[in-house]
Amino acid sequence: MPEDATARRLAFDDVSHSFDGRIVVDHVSIGIAAGEILCLLGPSGCGKTTCLRLAAGLESIQSGRILIDGQVVAMPGREMKPEARGVGLVFQDYALFPHLSIRDNIAFGLRRHAATTRRRRADELLDLVGLSGRGDDFPHMMSGGEQQRVALARALAPEPQVLLLDEPFSGLDIALRDRLCTDTLAVLRDVGAAALMVTHDPDEALRMGDRIAVMRQGRIMQSGSAATLYQAPATPFVARLFGELNTIALTVAADGCVDTPLGRLKAAPFAPGTAVSVLVRPEALIEAADGGITAEVAEVRALGPVTALRVRVPGWPATLGLRLPGPPRHGRGDRIALRLAPEQAFVFAGDAT
Ligand SMILES: Nc1ncnc2c1ncn2[C@@H]1O[C@H](COP(=O)(O)OP(=O)(O)OP(=O)(O)O)[C@@H](O)[C@H]1O
């Protein structure tokens, strides 16, 4: 990992972990700055939660190092206790203590402070998460989303340097999740801790993350801003996280380009003769004013602000998906003219169909 990355607020330095001889975290190195939110995005079982548990000290480290503010908190044979790490946790099952009031739930981690300080701090946090005046309520009197906000307040109470969030919005309905995402983002920005958030939902990662690290089978495949991952995916897997793409397998021509039924594309850095896959985002197919490629409409679905079409283009092995703005203007069997926006088409080595 780069020299300065270990000096970040939270850093994983070449961390690997196995269960029963099976590697589930594979040479992971990531750094998160104070005030930054990093989303660890990947499918179920790829090792995300294990990374969080290692950072929290809930799992004993086997290989590599974890550092907070440049200090090693975990390396094999030398582990700081979870409670000494200055780490706040918001996990999926954010179980609050049912017999404690909301205020006491939030103040739970402040047991060493005077009663007046605990009360003041809990009330400040209730304000922060938009639940002013609810301190005397009990968990069963709150909705799922409200309980989740209490869990966030409880994790923030001891002013952690690092906040670890494991799918904090799963199981909530979409409207509530959207609001909580926005609220949580505001709170995280406000407190300036380094936040590591685990999610399998690309939309959530796009919305929440300053940076996204894409994980697959224990490895970080690519990390960067949402814009980087979307515009310059390093692999077909990363490209497909943000929606299904149209794919065709082809061979690079003598001049270093690849001839697709939608037009020519540069295939650099691949040499002539290389077998490649071309992946085209639906949004890369734009209706052409004149000229363009002729496509036959096979399917039309109105999706509110946009219309999803499937079209046939001679030479493309399957129907192609695309979206046009506005309500449907075409029917099945219509012919439309399309052009390709090359920046939304990606060439990868090998067969990714
Ligand atoms: N204590 C354990 N003992 C044995 N195997 C485990 C243990 N904890 C996790 N695993 C396995 O390690 C792999 C990674 O699990 P992990 O919970 O880190 O994945 P994840 O990406 O967080 O998945 P999800 O999104 O479903 O929570 C999985 O195959 C899981 O079954």
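Side-chain atoms are counted along with the backbone in the values below, which use heavy atoms only and exclude waters and symmetry mates. One-based numbering, in listed order, for ligands and for the atoms of each.
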Next item on the list: Look at atom 19 (O) of ligand 1 and say which protein heavy atom is nearest, naming residue and atom and giving the distance to 0.1 Å.
Entry: Gly47 N, 3.3 Å

Check: Is there a path of hydrophobic side-chain contacts, each under 4.5 Å between heavy atoms of I, L, V, M, F, W or Y residues, that connects Leu206 with Val238?
Finding: yes

Notebook entry, point to check: Which residue owns the protein heavy atom closest to atom 14 (C) of ligand 1, what's the atom, and how far is it?
Noted result: Gly45 O, 3.4 Å

Notebook entry, point to check: Checking side-chain contact (heavy atoms from CB on, under 4.5 Å) against Val278, which of Asn246, Thr247, Leu245, Val258 comes through?
Noted result: Val258

Check: Where's the contact between Pro43 and ligand 1, heavy-atom distance under 4.0 Å: side chain, backbone, both or neither?
Finding: backbone

Check: Does any N or O in the side chain of Gln62 come within less than 3.5 Å of the main-chain N or O of Ser18, such that one atom is a donor and the other an acceptor?
Finding: yes

Checklist line | For atom 26 (O) of ligand 1, the protein heavy atom that lies nearest, with its residue and separation | finding: Ser44 OG, 2.6 Å

Check: Any idea how His140 and Phe138 line up, ring-wise: parallel (<30°), tilted (30 to 60°), or perpendicular (>60°)?
Finding: parallel

Check: Which part of Arg22 is near ligand 1, with near meaning a heavy atom under 4.0 Å away: side chain, backbone, both or neither?
Finding: side chain

Notebook entry, point to check: Got an N/O contact under 3.5 Å between Val198 and ligand 1?
Noted result: no

Margin query: Within ligand 1, which atoms have a heavy atom of Thr50 less than 4.0 Å away?
Written below: 15 (O), 16 (P), 18 (O)

Checklist line | Aromatic plane relationship, Tyr230 with Phe242 - under 30° parallel, 30 to 60° tilted, over 60° perpendicular | finding: perpendicular

Notebook entry, point to check: For atom 25 (O) of ligand 1, which candidate among His200, Lys48, Arg216 holds the nearest heavy atom?
Noted result: Lys48

Next item on the list: Report yes or no: does Glu59 have a heavy atom closer than 4.0 Å to ligand 1?
Entry: no

Checklist line | Leu322 with Val306, same ILVMFWY side-chain cluster at under 4.5 Å | finding: no

Checklist line | Leu164 side, atom CG; Leu40 side, atom CG - distance, nearest 0.5 Å | finding: 11.0 Å

Item checked: Heavy-atom donor-acceptor pair, Gln222 side chain to Ala232 backbone, under 3.5 Å -> yes

Check: Is Val24 in polar range of ligand 1, meaning some N or O pair under 3.5 Å apart?
Finding: no

Next item on the list: Examine the proximity of ligand 1 to Thr49 and report which part, side chain or backbone, both or neither, has a heavy atom under 4.0 Å away.
Entry: both

Note to self: With the threshold set at under 4.0 angstrom, would you say Cys46 reaches ligand 1 through any of its heavy atoms?
What the structure shows: yes

Next item on the list: Determine whether more than 12 heavy atoms belonging to other residues, nucleotides or ligands lie under 6.0 Å from atom CZ of Arg312.
Entry: no

Check: Looking at atom 6 (C) of ligand 1, what's its closest protein heavy atom, distance included?
Finding: Phe19 CD1, 3.3 Å

